[in-house]
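First the structure, in the form of structure tokens, and then the observations on it.
Below, chain A is the first sequence line, B the second, and so on; all start at residue 1.
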Amino acid sequence: MQSVTITLDGRPRVVAEGTTAGEILAQDAIRAVAVRVNGTAKRDLTWSPADGDVVEVIPLASDEGRAILRHSTAHVMAQAVTDLFPAAKWASGPPIEHGFYYDFDVEHPFTPEDLQRIESRMRQIIAAKQSFARRVVSPDEAAALFADQPYKLDILARAVGGAAVTSEEAADAAPGDDEISVYDNAAGEQVAWSDLCRGPHVPSTADIPAFALMRTAAAYWRGEEHNPMLQRIYGTAWESRAALKAHLQFLAEAEARDHRRLGAELDLFSFPPEIGSGLAVWHPKGGAVRRVMEDYSRRMHEHAGYEFVVTPHLAKSTLFEISGHLQWYAEGMYPPMELDGGVRYYPKPMNCPFHILIYRSRGRSYRDLPLRLFEFGTVYRYERSGVVHGLTRARGFTQDDAHIFCTPEQLAGELTSLLAFVVQVLRDFGLTEFEAELATRPEKFVGELAQWEAAEAALRTAVEAAGVPYVVAAGEGAFYAPKVDLHVRDAIGRRWQLSTLQVDLQMPERFDMEYQSGDNTRQRPYMIHRALFGSEERFFAILLEHYAGALPPWLAPVQVRCIPIASRHGDYLRGIAARLRALGVRVEVDTSDERMQKKIRTAQRDKVPYMLIAGDQDIETGAVSFRYRTGEERRGVPIDDAIAEILHVIETRHIDAAPASSGSAEEGRGH
RNA sequence: GCCGGCGUGGCGCAAUCCGGCAGCGCAGCCGACUUGUAAUCGGCAGGUUCCCGGUUCGAAUCCGGGCGUCGGCUCCA
């Protein structure tokens, strides 16, 4: 038998010809789920390397390994569905972040009971240790095999035709390899199930250590609204039971942090149905936080050279005809109300046209520029009923909106200082991990190429200067503007889109904006759109989820709650509370007819940063005792020291109240 | 907008499958207790069972429509 020489994880290795990757790794006692060949193609462990191949191991507990595992689990699920619902047609079933799904065309949507049955059937298939065997077929063979599977035929037709294949289909067909492969699942000789698939797969269903079916949903075939709606089942699979358990705990953690739940629990805001879907009211405690956010934001903007403006909530159709919103964005707008004999007034979906009118209210000189206009502007957008989601996707919300008008020479400098400003403000709110996305010119665009290139270059300069890691999303810009979107990671590693900076190449034209230049010619200004929080509602929701409701002391709606040990200690604490209140601290004294332990429990539940407790011992020595919401406590602190400590943490915007951790930003923990 | 789930005092839930007196806990109010770091005890009050219509002797429960909400899809110039 001939031997071949391969490179295995960087080292030369001689093996007998025809030895499978799985056998080689077994000899070397290496555990893997699949291998990568020559840097790109991924292969099953049953594949045999040829002379000269560079082989790399893909461990199960890696992003790629888990994707393969999840993909295989999706196959097992589809097999189970086929067993239980023989009429089901299968569409596609790719791995996704944290799991997988598979879409089916079935007569009736799956019920929770169906899910349980599918799951038990899957356990049987896993117990049967079916092998995943790859075989290459011709297009005609494939078409014959899947003659009764219209969605597979559709995938085949596209793969064979060389048409663009979406990422979710890429897992199903094999256009990149110029060959079409089918995976047969078999226990012994009997093939139990076959699916069109490029692979790779785990060697056997027994190599699926832990999985769970999560939920059913519906999805359009190929994600297009006019296509048939399919029934989707989401599941997850992991390299071990422990990893699955950790994932389920992560989901529980996310649920406990849900801002909609915290909003109700902490009495921050609500969505009364009488007002309408997606329209929030802020309760006093939520209002207190919002006021602090706004006060802080105003102060920062004032220092950064912004001027404050106020504009109405409505405008005639004329304004939105000029801005182009009625042409491009009408579906996202609330419908108009007619008055004055047929004049149509629209609630505003954006603030920019109003700010432009302020710019245009008189002739502008280059000496006026850059002109930075800022407003907490409330806008209304008609979001389709299925997409409304708490404060993060509302129909009415307030943007911390600014528009900067500047000369072409000022553009790069403005963007650079602007992005630094944005990052600084977000850091003050305790957000520390940023990622930017530079969205560039799409295929369909307005304006001149040179302008686009100048704007994109300026944005790139700004992101690089800010030191924020970024990716270029080529062609993802709006048709009128390139932009930079800033994303943050929260305390449990989730990514949220926040701030947006756009260079508008359209509005200045539409409104025929001008300024008188130093050489006495009329020039068109550049215009930058910028929302820092995005919307106050959304930003507030992100903060709530990031902090799991335990807002830093400077933001907390109630900063201090005083708890008397017995009711006779109430007056003493009322005196301390009065001093704190006079210093601007939001403080309450719990004089309810409850035991002290119950009051602590309540304050703890309300996530109040400081509990100030006093009894006979404290009163004798003119002291007070701390309980922090972390559970730590400190007794007999002189009143002046206690007040100083509280004020210090508030003024310096430290993240948490407890002495040990004060000042340290919360560590992000990835997932 | 589309598919599916859900809607019962302020909140969390039970009774819904298989129609027959709407119940529990928390919160609220009243009273007692006066306590040193996460729930004191007793009492009282609170519901058009989301809305409209239908079936039925009888509807929280079954059927239709609407609204809201949850999970997805689509959308987020």
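- The interatomic distance linking A/His259 (NE2) with B/C70 (C1') rounds to 13 Å, in whole Å.
- Smallest separation of non-hydrogen atoms from A/Ala91 and A/Lys152: O-NZ, 2.9 Å.
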Sequence neighbours left out, cut at 3.5 Å: what donor-acceptor pairs do the side chains of residues 270-287 of chain A make with other protein atoms?
residue  : atom : partner  : partner atom : Å
A/Ser270 : OG   : A/His283 : NE2          : 2.7
A/His283 : ND1  : A/Asp267 : OD1          : 2.8

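- Annotation: cation-pi pair A/Lys348/A/Tyr380 absent, no NZ/CZ under 6.0 Å from the ring centroid and within 45° of its normal.
- The interatomic distance linking A/Tyr572 (OH) with B/U34 (P) rounds to 23 Å, in whole Å.
- The aromatic rings of A/Phe626 and A/Tyr628 sit parallel to each other, their planes meeting at less than 30°, with 60° as the upper class boundary.
- Partners of A/His403 by ring-ring contact (aromatic ring centres under 6.0 Å, His included), not counting sequence neighbours, listed by chain and number: A/His355, A/His529.
- Side-chain rings of A/Trp328 and A/Phe479 approach one another, their centers coming within less than 6.0 Å.
- A salt bridge does not link A/Arg117 to A/Glu113: none of the charged nitrogens lies less than 4.0 Å from a carboxylate oxygen.
- When the P atom of B/G5 is taken as reference, atom CG of A/Leu115 falls 14 Å away, rounded to whole Å.
- Remark: P of B/G71 and CZ of A/Arg261 are 13 Å apart, rounded to the nearest angstrom.
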Report summary line: In 5'-to-3' order, the base (B), backbone-only (S) or no-contact (-) status of each nucleotide in nucleotides 72-77 of chain B, using a 4.0 angstrom heavy-atom cut-off, is BBBBBB
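- Comparing the C1' positions of B/C18 and B/C24 gives an interatomic distance of 24 Å, to the nearest angstrom.
- A gap of 41 Å separates the P atoms of B/A60 and B/A32, to the nearest Å.
- Remark: the separation of the C1' atoms in B/A39 and B/G25 is 12 Å, to the nearest Å.
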Report summary line: Going 5' to 3' through nucleotides 37-46 of chain B and flagging B where a protein heavy-atom sits under 4.0 Å of the base, S where only the sugar-phosphate is that close, and - otherwise, we get BBBB------
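- Annotation for A/Ala88 and A/Val81: closest pair CB-CG1, 4.0 Å, computed over non-hydrogen atoms.
- The C1' atoms of B/G7 and B/U16 are separated by 13 Å, rounded to the nearest whole Å.
- Between A/Leu230 atom CG and B/G4 atom P there is a gap of 13 Å when expressed in whole angstrom units.
- If you take NE2 of A/His283 and C1' of B/G10, they are 11 Å apart, rounded to a whole angstrom.
- Every side chain to side chain donor-acceptor pair (under 3.5 Å) that A/Gln399 has, sequence neighbours left out, goes to A/Asn351.
- Figure legend: A/Arg538 and A/Trp496 shown without cation-pi pairing, the cationic atom not lying both under 6.0 angstrom from the six-membered ring centre and within 45 degrees of its axis.
- Whole-Å rounding puts the A/Gln617 CD to B/U35 P distance at 12 Å.
- If you check every strand for non-hydrogen atoms under 4.0 Å, A/Gln327 touches nothing.
- Counting all heavy atoms, side chain and backbone alike, A/Met214 lies closest to A/Leu251 at CE-CD1, 3.3 Å.
- Distances shown here put every side-chain N or O of A/Ser567 at or beyond 4.0 Å from the OP1 or OP2 atom of B/U34.
- Rounded to whole Å, atom P of B/C67 lies 19 Å from atom CZ of A/Phe271.
- Residue contacts shown for A/Tyr382 are limited to sugar-phosphate atoms, with no base heavy atom under 4.0 Å away.
- Proximity of the aromatic rings of A/Phe100 and A/Tyr102 is defined here by a centroid distance below 6.0 angstrom, and this criterion is not met.
- Scanning RNA chain B for stems, defined as runs of 3 or more consecutive Watson-Crick or G-U wobble pairs whose donor-acceptor distances all fall under 3.5 Å, gives the following ranges: B:1-7 with B:67-73, B:10-13 with B:23-26, B:28-32 with B:40-44, B:50-54 with B:62-66.
- When the P atom is compared between B/G66 and B/G10, the two are found 27 Å apart, to the nearest whole Å.
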